[in-house]
Engineer: 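Quick one: structure below, then a few questions.
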Amino acid sequence: MTKRKAAGLYRQQPLIESYQGRLLNNQQGSYLNFSGNDYLGLATEPELVKALAEGAERFGVGSSGSPLVTGHHYAHRALSDALCDWLGADDVLLFSSGFAANQVMLQHLADKTDHLLLDKLCHASLIDAALNSDAPYKRFPHQDLVALELLLKKHPSALVVTEGVFSMDGDSPDLKTVFTLCQTNKADLLLDDAHGVGVLGVEGKGSWQQQGLKASDMLCLMANFGKALAGQGAFLAGSATVIDYLRQFARHYIYSTALSPALCWAMKTSVDLSRKQQWRRDKLQDNIGLFKTLAAAAGLTLLPSDTAIQPLMIGEADQAMRISASLKQQGIWLSAIRPPTVPQGSARLRITLSASHQTNDIRLLVKKLEQWL
Ligand SMILES: Cc1ncc(COP(=O)(O)O)c(C=O)c1O
C-alpha cells in the first residue's frame, strides 16, 4: 500500500450521487462525463427504466437461485431468445459479469493439449482466465498478426483470444484476417466484444459483424450488458453444442445465483432499442468525428482509434492524475488510467464518447485539454 501510494498509483472509488448520462453529480458539484461506457446513452432512457420496473413487478427482483435450480426464469429465456435472434447465434448462456463469462470461455473451452494465444492488450479478465486455465498460454504483441501466425504454426491446436475493440486503446484488430489465420491453421477464435456490442455493425450486432464475420465463425463470443446495453451481466454465444457443454460444466454458471429477472427484462428492452434506434449509433459516430476533428486542430496526440474510446497519451501516472484533477475542478470528469491497468509509462486520459453528449460538451472538453497540453 505504501509503495503504491508513493508511486502515485493508489486508487479510490469516487461516490457518484446522481447520474444523468452526460452529467455526473456528487457533493462537490456537477461534471460533464467523459469516462463512462454508456456509449448509446441508454442508461437513463425512460423506456429502459420502465422495463426494469415492469420486470421487477412481473418476475421479481432476485432470481432466488442458481440457473440449474430455481434461477432460470421466463425473463432469462426471453432475453436469451432476443440475443440469439439479434446475433444469429444458436444459443447463449447468461452470466452475472463479463469477468465471469470470460473465465468460462477460456477455462472450459481449452484443455491441456490446446494453446491459448492472446493479444498482449487483452483485458485483465482474459489474462486471469488464461492464467487459471489448464491450457498453456502465450501472448503476442498487440495487433501483430505476423507474430500470431508464427505462434499458430508452432502450436497446431490453438484458440486465439482477442477483443473486438480494445478497452484501453480503442482500436480493433483486423478480424477477417485473424479468422482466416485461424481457419488456415485449424485454430478456433474466441472474441470478447464488450466494447463493440450495441455500437458497431448492422443493428449494433458488434465488431465481428461490422468486419464481415458471422456468429458461427467464432467458437464462442463474449459480450456484456454493462457498456452500450447499459445494464449489468454478460453472455456467451455459440453453437448449440458449445453452449450446452458449458451449461453442463461451467462452474461460474452452475454455482452462481442467476441474474436478476428484472434486469434481464430490462436488457431485453435494451437489445430491442439498440437494434432499432440506429440514430443513437449515428449520433455517437458524429460525436466521435467531431471530437477527432477538433482534437487534431488543437494538436492533441490521440492513439489511432475510430471508436468511442479515444485515449490521449500522457506517459507518467502523476501527470495524468494532475490533469484529471484540474479538469475536475473545471467541471469535467475524465479519469486518468494508470498502470497496472495499462503498461508502465503509458498512463493516459481515456476519453469515452456517448450518443448523449452535445456538441458544446465536446467543444468544451477539447478547449480545456488544449489549455492543459
Ligand atoms: C474488454 C472487456 N472484457 C471484459 C470486461 C468485464 O466485463 P464486466 O464489467 O461485465 O465484468 C470488461 C469491462 O471492464 C472489458 O472492458
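All ligand and atom numbering here is 1-based and tracks the order in the structure.
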Engineer: Would you mind checking if Asp306 and Lys292 are paired as a salt bridge, meaning a charged N to carboxylate O distance below 4.0 Å?
Structural biologist: yes
Engineer: With no hydrogens and no angle check, is any side-chain donor or acceptor of Ser346 less than 3.5 Å from a backbone partner on Pro343?
Structural biologist: yes
Engineer: Describe, in one word, how the ring planes of Tyr74 and Trp265 are oriented to each other, choosing from parallel (under 30°), tilted (30 to 60°) and perpendicular (over 60°).
Structural biologist: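 Aromatic pair Tyr74/Trp265 classed tilted.
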Engineer: Classify the contact between Asn102 and ligand 1 as side chain, backbone, both or neither, using a heavy-atom distance cut-off of under 4.0 Å.
Structural biologist: side chain
Engineer: Is ligand 1 less than 4.0 angstrom away from at least one heavy atom of Gly226?
Structural biologist: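 No heavy atom of Gly226 comes that close to ligand 1.
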Engineer: How far is atom 12 (C) of ligand 1 from its nearest protein heavy atom, and which residue and atom name does that atom have?
Structural biologist: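 Nearest neighbour among protein heavy atoms for atom 12 (C) of ligand 1, to 0.1 Å: His123 NE2, 3.3 Å.
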Engineer: Taking atom types as modelled and ignoring hydrogens, do the side chains of Asp193 and Ser207 form a donor-acceptor contact shorter than 3.5 angstrom?
Structural biologist: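 Yes, because at least one side-chain N or O of Asp193 sits under 3.5 Å from a partner of the opposite role on Ser207.
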Engineer: Ligand 1 versus Ser125, non-hydrogen atoms closer than 4.0 Å: side chain, backbone, both, neither?
Structural biologist: side chain
Engineer: With sequence neighbours excluded, what pairs up with Ser260 under the side chain to side chain contact (heavy atoms under 4.5 Å, CB included) test?
Structural biologist: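 Result, side chain to side chain contact (heavy atoms under 4.5 Å, CB included) vs Ser260: Ala262, Leu263.
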Engineer: Distance to 0.1 Å, residue and atom name: give those for the protein heavy atom nearest to atom 16 (O) of ligand 1.
Structural biologist: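 Going atom by atom, the protein heavy atom closest to atom 16 (O) of ligand 1 ends up being His195 NE2, 2.7 Å.
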Engineer: For Lys283, is there an ion pair with Asp286 - N to carboxylate O distance below 4.0 angstrom?
Structural biologist: no
Engineer: Could you check atom 7 (O) of ligand 1 against the protein and tell me its nearest heavy-atom contact, residue, atom and distance included?
Structural biologist: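 Ranked first by proximity to atom 7 (O) of ligand 1 is Asn224 ND2, 2.9 Å.
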Engineer: Say whether Glu163, considering both its backbone and side-chain N or O atoms, lies within less than 3.5 Å of an N or O atom on ligand 1.
Structural biologist: no
Engineer: Within less than 4.0 angstrom of ligand 1, does Gln232 place any heavy atom?
Structural biologist: no
Engineer: Would you indicate which of Phe99, Phe95, Phe166 comes nearest to atom 11 (O) of ligand 1 when only heavy atoms are counted?
Structural biologist: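 It is Phe99 that holds the nearest heavy atom.
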Engineer: Please compare Ser96, Gly98, Ala101 and report which has the shortest non-hydrogen distance to atom 8 (P) of ligand 1.
Structural biologist: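 Considering heavy atoms of Ser96, Gly98, Ala101, the nearest to atom 8 (P) of ligand 1 sits in Gly98.
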Engineer: Residues in side chain to side chain contact (heavy atoms under 4.5 Å, CB included) with Asp361, at least two apart?
Structural biologist: Arg22, Leu32, Phe34, His357, Gln358
Engineer: Checking Thr257 side chain against Ser66 main chain: does a donor-acceptor pair fall under 3.5 Å?
Structural biologist: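 No: the side chain of Thr257 does not pair with the backbone of Ser66.
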Engineer: To which protein heavy atom is atom 13 (C) of ligand 1 closest, and what is the distance rounded to 0.1 Å?
Structural biologist: Lys227 NZ, 2.8 Å
Engineer: Considering only the protein, which heavy-atom contact is closest to atom 3 (N) of ligand 1, and what is its distance?
Structural biologist: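 For this ligand atom, the closest protein heavy atom is Asp192 OD2, 2.6 Å.
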